[in-house]
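First the structure, in the form of structure tokens, and then the observations on it.
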Amino acid sequence: MAKVPVQFTLNGSEKAEFIDSGTTLLNALRDKIGDTSPKGGCHQGTCGACSVIIDGELRLSCLTLAETCNGTTITTTSGLSESGVLHPLQRAFLDTFATQCGFCTPGMIMAAKVLLDHTPNPSRDEVVEALSGNICRCTGYEPIIQAVLLAARANSQNAA
Amino acid sequence: MELRKNYFADVRKDDLHEVGQPRPRSDSPGHVTGKTAFFADRNFPGMLHLKMVRSPHHHARIRSIDTSEAEKHPGVVKVLTAKDVPHNVYTILILIQIGPEDETVLADGKVRWKGEAVVAVLAETERAAQEAAAKVKVDYEVLPAVFDMEEALKPGAPLVNEYHGQNYYLYDSGECRKVRFGDVEAGFAGADHILEQSYQSSPIEHAPTETTGCVVAPEGNDRFTCYTNTQAMFFTLDNTSIILQMPGSKLHFVGGTVGGGFGGKVDVIVEPIAILGAKLTGRPVSFIYSREEEMQISSPRAAEKVVIKDGVMKDGRIVARKVTGYTDAGAYSRHSPYGAQKGAGHYPGPYTIPNVWIDTYCVYTNRTPSSAMRGFGVTISDFALEVQMDKLARLIGMDPLEFRFINAYRDGDMKAHRQPTEGAALIECMQEASRAANWPVAEKYMAMSSYKKGA
């Protein structure tokens, strides 16, 4: 299988890899680079557990070919906290008990981050809409929605 | 959170420091930072990928298996069939002396459901394993299959599972689990009304976000570490020990982090074959269900059929209940004999009924084996029972909640299994529900208590 060179910025550091052509970004991140925070729940773009942020947009890494990410900037959940200080969203997920098994959590946090980056003070409906591509099977949607709203409030207080 | 301290005030302990206090979950910091290690987050150099060749038929005899083309496929390291498995016929509950062993790790001579594992292929990449699995040739003689419990129980129905000899589980008490209390026929004879209804359910898949699987690493000295998302660590460890005929001391299981399970990860399906693969190749092995496999292969909640016949008096007392329950185990037992048994215990409901007669059957069909799922054996029972309760209340023109107050068990009442009721709080729950739902009931019911002094 042909190997292709891929370079991108992952959570602030430069990555350069030779990967098999046709490898998904999800597999490249998990198996080659060792960032296992995006999770493979369905590998067919329906569960949202593998969500990452590519150049500011929410993307499903299981449906994104790694070779198409040349020159991009990628953020995953493992890159959100800085020197041990949790991102407001991570803090809010802790405070509202918005995690149960934790498998959907990284994808949820990525979807929420893109929402807050674009819409700092979302309505509840906007939060629900933004999370609608992410499946949680431990029936935890309500605390997750509360977490995102809490993080949004914390954001606006910081800005004020 | 509001604690109602007026209930059971004279028996309440009020010096507890933990209950009602929020405590952070110890695993949450790992979840929100993406650092929690699920089994599939382990990656080992030289890891092989296992893919299963599965039966396309519901019921078929295997005439022959040809793995030669698959073995020649680039990247394939090992192909496993039934003869490679040291103790190929097993059953999960044998650990608590519930037999017979009735399920094969890899099919031997016959397949009994569509999706049954027949051949395991180990290859350098997932893709190579998949391609090679497609090259395994299995010659099947398709047999008549049975998908309906009533059909399965008819004389002359195709025999699903030879290890049982008939299409139902034989309990030590007979062909079904039985509860007998009072004289149910006398109860019906004296009842003002009789209502008999049937209820049935379909199988339900748990669909955990993380699919079932495990990653195995050989540690040298014939010892293996298995990273798994099993919900039943010691069932898995001990059954693997039996299947592979290896002492448990050679097997090191690492688990506890499960990406959703809901009972769907209590069966022992992936670990034994993955460890066997690691043992025979000397290399790490990853066996992870695809989403499609998770939905089609993993054991669902059993389909059930329930027939409930109740005798009720005009004043609201249920005087007799007769229940026949059927649990569709699919082709193999797994946890279903236990599920059917739980139903037998549950059908009286939380009600005091003087005459009870219950039979619950665990039936074999050529469907996907069912197993544990969130209160399996009692969830469908509750659905059926409570719908029946509403129908009974309507039949005698009584408020459905008041009807339940009349029949609710209270401390000291004798249950149909001849266990006196202790610590019941049903009356109090219904009083709270009545307030919360703004569903008023007569004052005499609000004055009742589950707790009887001296009971």
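To find a chain, count down the sequence lines: A is the first, B the second, and so on, and within it residues start at 1. Not measured: the values here are computed from a predicted model.
In this structure, the side chains of V118(B) and M52(B) stay at 4.5 Å or more apart for every pair of heavy atoms. A heavy-atom distance below 4.5 Å is found between the side chains of L10(A) and L29(A).
Only the side chain of L86(A) comes within contact range of chain B, judged by heavy atoms closer than 4.5 Å. Proximity to chain A (any heavy atom under 4.5 Å) is restricted, for R23(B), to the backbone atoms N, CA, C and O. Contact annotation for D41(B): both backbone and side-chain heavy atoms come within less than 4.5 Å of a heavy atom of chain A. Within the 4.5 angstrom heavy-atom criterion, only side-chain atoms of Q44(A), from C-beta onward, approach chain B.
Judged purely by distance below 3.5 Å, without hydrogens or angles, the side chains of H335(B) and S371(B) pair a donor atom with an acceptor atom. For the residue pair T99(A) / T105(A), no side-chain donor-acceptor distance below 3.5 Å is found, with atom types taken as modelled. A donor-acceptor pair shorter than 3.5 Å cannot be found between the side chains of H252(B) and E219(B).
F287(B) pairs by the ring-ring contact (aromatic ring centres under 6.0 Å, His included) definition with Y289(B), not counting sequence neighbours.
Using a 4.0 Å cut-off between a side-chain N of Lys or Arg and a carboxylate O of Asp or Glu, K78(B) and E124(B) do not qualify as a salt bridge.
Relative to the ring axis of F376(B), K342(B) places its NZ or CZ within 45° and under 6.0 Å from the centre.
The most heavy-atom pairs under 4.5 Å with chain B, out of C42(A), C47(A), P106(A), come from C42(A). The greatest number of non-hydrogen atom pairs below 4.5 Å with chain A, out of T36(B), T33(B), D27(B), is found for T33(B).
Atom NZ of K113(A) sits about 13.5 Å away from atom OG of S51(A), to the nearest 0.5 Å.
Using non-hydrogen atoms only and a strict 4.5 Å limit, the part of residues 56-80 of chain A facing chain B consists of T77(A), S78(A).
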